[in-house]
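Quick notes on the structure that follows.
In the text below, chain A, chain B and the rest are named by the order of the sequence lines, each starting its count at 1. Quick caveat: nothing in here was measured; it's all calculated off a predicted structure.
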Amino acid sequence: MVVQSPKCVQESSISNGEVSLRTESEFQKRVSPRLKEKQRVEKELLVRRRVELLDDNEEVVASAVGGGGGGGGGSEEKSSEKKKKTYKRRCIGGNVNQEEEKKKVNGEVAKTAEDSEAGNGAVKGVVAEKSDIAKVKETIRLFNKYYLLLVQEEEKRCRKVEADKKASKVSKSKKKESKATKGSKSKKMVVPVLPEDTKSKAKRPDLKAISKMMENGEILYPEKRIGNIPGIRVGHQFYSRAEMVAVGFHSHWLNGIDYMGQSYSKLEEHKDKTFPLAVAIVLSGMYEDDLDNAEDVLYTGQGGHDLTGNKRQIQDQKMERGNLALKNCVEQKIAVRVIRGHESKSSYCGKVYTYDGLYQVVHYWAEKGISGYTIFKYRLRRQDGQPLLTTNQVQFSYGRVPQSVSEIRGLVCEDITGGQEDIPIPATNLVDDPPVAPTGYKYCKSIQVAKNVKLPTNVTGCNCNGKCVDPRTCACARLNGSDFPYVSRDGGRLIEAKDVVFECGPNCGCGPDCLNRTSQRGLKYRLEVFRTPKKGWAVRSWDFIPSGAPVCEYTGILMQTEDTDSVSENNYIFDIDCLQTMRGLGGRERRFRDVSVPTIISSDRHDDLRSESVPEFCIDAGSTGNIARFINHSCEPNLFVQCVLSSHHDIKLARIMLFAADNIPPLQELTYDYGYALDSVYGPDGKIKQMACYCGAPDCRKRLF
DNA sequence: TTCATTCAGTCGTAT
DNA sequence: ACGACTGAATGAACC
């Protein structure tokens, strides 16, 4: 294809994990001296070392994903007791292939040759049991899904309430008239409407979500535990109290002190202890003086607070419940988990809760508080030998988000989009000397269509006006299983991954503000392209990204797959293959039955898709593309791929969107699962090519392909 | 910015 | 089976 400077090839190829068609000589020249040798020595050691090197920089920030990947070693066995709970949801992320294999064994018809190959390949190389960290991640994703579903429910209810209000106001006079004739009916209207109506808005979808998870037995650790919880390392960030409940890390969404009650004294393993016994506390941060410094904490007991209004003491605190539990910790030298709540403005979540590690309750005493009532104070000291306190690091990392262009360290390009995007995307390079900027491609915000590809025309859309709200009347909503795939919170969040999302488009009656055009609004977050030591270019966000939020589209040249064969140096080809996309869900659960396969896609065409081993169309971002071409692969990604149809309904030509699969803190590298089937990539010699994966995830498949 | 209201599981007590 | 207990989340009301 295009002649690129050697440097460019290097950058681009590594950055995208080296897709496929590189020549063997190039491959060896660039990667092998360092890689292959070590690979032979020991794969795992290599991976770990790389992760350490890599995360040197990012560990500070990416507490959930990054890190040494080690942690899990011994604890994996313990987790088997909870296997049942998570088992049914194993068909996600890195284990998709495994799940397919299982289905086959169960007698389901193998779909395609490609599929079965993927299954076989995966079973050989994949870690059988999920790491504890992955389980936690999965649990929180489930929580987020419930949360968004319940937000949607709430939004619907509120709309209805509002509509009813309007209607009732308008028809007030009419009602009076009709009272005479329809007395009984109006009575019925008033009775059920009033209680719902008055509770107009605040319904706490977060609490609803944990209720649902309890109901379904989906709390990861329903039993309280003393000490660390598998999969939650020091520095782990939670984005709400409810999230902690979902994991079982702190089982109250409200209380500061979580403790084991008397009932635990019956258990054999706790026979020698006195209960109640505290296991975890949350420092809400409202007592500024609670925090002496990072290693020492002064904690005020519970009770006697005025629940409503000003949080003043109105009673003496009593030595009972949580206070007693903490006292017992002093006497029995039991360490408690300490979670610190931080205000984090400039983020959608508002508050972040960081796990700061185990603390010994060394001392307690009673004193008279400001209001003259007795309060209990507890002195906690951090246990030695724990990872450095993350509080400072978090602040450091948040502080590191540059406020202006002049503050950006290692800036090599102020805006790689050349003004095309609403928000500039700077590129930084603190790795190379001299620092180089990403080159060898042309930035293009929107997709380019190859000459021999024709997008369908004469497509009908919905007939809504302004914003689409009623899923019963909006034709686009009906295609999505009679519901909108987005909630309006935070400017539009996708509730969950779907096989395909039908958005409103140019053929619809609604306007640009329609919720069902969420993925068409361009970039919302301040992204940065940055150079990594080992993985080439990478992308991160300076803003917090809530789960389900659209991050960017994958753009490039939309072309026929067969035309790409001549383009042999290209590493940026994204196949528009629904099956492949589903493999790359990255942890989002599929809901097959919820997606009505629309009649517009004729059934024979659908069969075509299934039987085809190679998708007909692809997006080539090799020479032309947007920010998405710099996003790296990970086996445990924080983004997922979602096919979106907006201007037409041909699934083979769907747009490729990347959405946040998790709540993503600022400066965490953005990644998605490239979704390669193992042993599916062939070199020029016709032999299967392999590529090691260095994403560093605990459940890394070790191979990209 | 502050204010007021709601939210729901846990733990202990009382059946 | 019941009720006290708890302070986060949230929209409204407030300048």
Contact class for A/Y353 (heavy atom, under 4.0 Å): base, sugar-phosphate, or nothing? sugar-phosphate

For B/dT1, the Watson-Crick or wobble partner whose two distances fall under 3.5 Å: C/dA13

Which nucleotide, C/dA9, C/dC5, C/dT10, lies nearest any side-chain atom of A/R489? C/dT10

Of B/dT10, B/dG12, B/dA8, the nucleotide closest to the side chain of A/W253 is B/dA8

Within the structure shown, what part of the strands sits under 4.0 Å from A/D206 by heavy-atom distance: base, sugar-phosphate, or nothing? sugar-phosphate

Return the pairing partner of C/dC2 with a 3.5 Å limit on both distances, Watson-Crick or G-U wobble; otherwise return none. B/dG12

Smallest heavy-atom separation, A/I226 atom then A/M260 atom, equals CG1-SD, 3.8 Å

Measure CD/A/Q302 against C1'/B/dG12 and give the value in whole Å, please. 13 Å

Look at all strands and tell whether A/G322 reaches a base, only sugar-phosphate, or nothing, counting heavy atoms closer than 4.0 Å. nothing

Indicate whether OP1 or OP2 belonging to B/dC11 is found under 4.0 Å from a side-chain N or O atom of A/K224. yes

Distance in angstrom units between A/D258 CG and C/dC5 P, rounded: 19 Å

Consider the side chain of A/L207, meaning its heavy atoms from C-beta on, and name the nucleotide among C/dA8, B/dC7, B/dG12 that approaches it most closely. B/dC7

In whole Å, I'd like the distance from the CG atom of A/L324 to the P atom of C/dT6. 13 Å

Quote, to the nearest angstrom, the P distance that separates C/dG7 from C/dG11. 22 Å

When rounded to whole Å, the CZ to C1' distance for the pair A/R321 and C/dT6 reads 9 Å

Between B/dC7 atom P and A/E153 atom CD, what is the distance in whole Å? 14 Å

To the side chain of A/N255, which of C/dT6, C/dA9, B/dA8 is closest? C/dT6

In whole angstrom, give the distance that lies between atom CD1 of A/I219 and atom P of B/dG9. 10 Å

Output the rounded distance in Å from OH (A/Y147) to P (B/dA8). 14 Å

Nucleotide nearest A/Y259 (side chain, heavy atoms from C-beta), chosen from C/dA9, B/dT10, B/dC11: B/dC11

Aromatic ring pairing A/Y378/A/Y364, orientation class (parallel under 30°, perpendicular over 60°, tilted between): parallel

Under 4.0 Å, heavy atoms only, any strand: does A/Q262 hit a base, just the sugar-phosphate, or nothing? sugar-phosphate

If you draw a 6.0 Å radius around NZ in A/K212, do more than 12 non-hydrogen atoms from other residues or ligands fall strictly inside? no

Indicate whether the side chain of A/N638 and that of A/Q668 have a donor and an acceptor atom separated by less than 3.5 Å. yes

B/dC11, OP1 or OP2 - any side-chain N/O from A/S263 closer than 4.0 Å? no

So which of A/F238, A/F143, A/Y353, A/Y221 actually passes ring-ring contact (aromatic ring centres under 6.0 Å, His included) with A/F249? A/F238

Most 5' of A/V282 and A/Q315 on DNA chain C, judged by nearest nucleotide: A/Q315

Pick out which of A/I545, A/T671, A/D662, A/I664 makes a side-chain contact (heavy atoms from CB on, under 4.5 Å) with A/L639. A/I664

Just the rounded figure in Å: distance from P of B/dG12 to CZ of A/F275. 11 Å

Using only heavy-atom distances, decide whether a donor-acceptor pair under 3.5 angstrom links the side-chain of A/R204 to the base of B/dA8. no

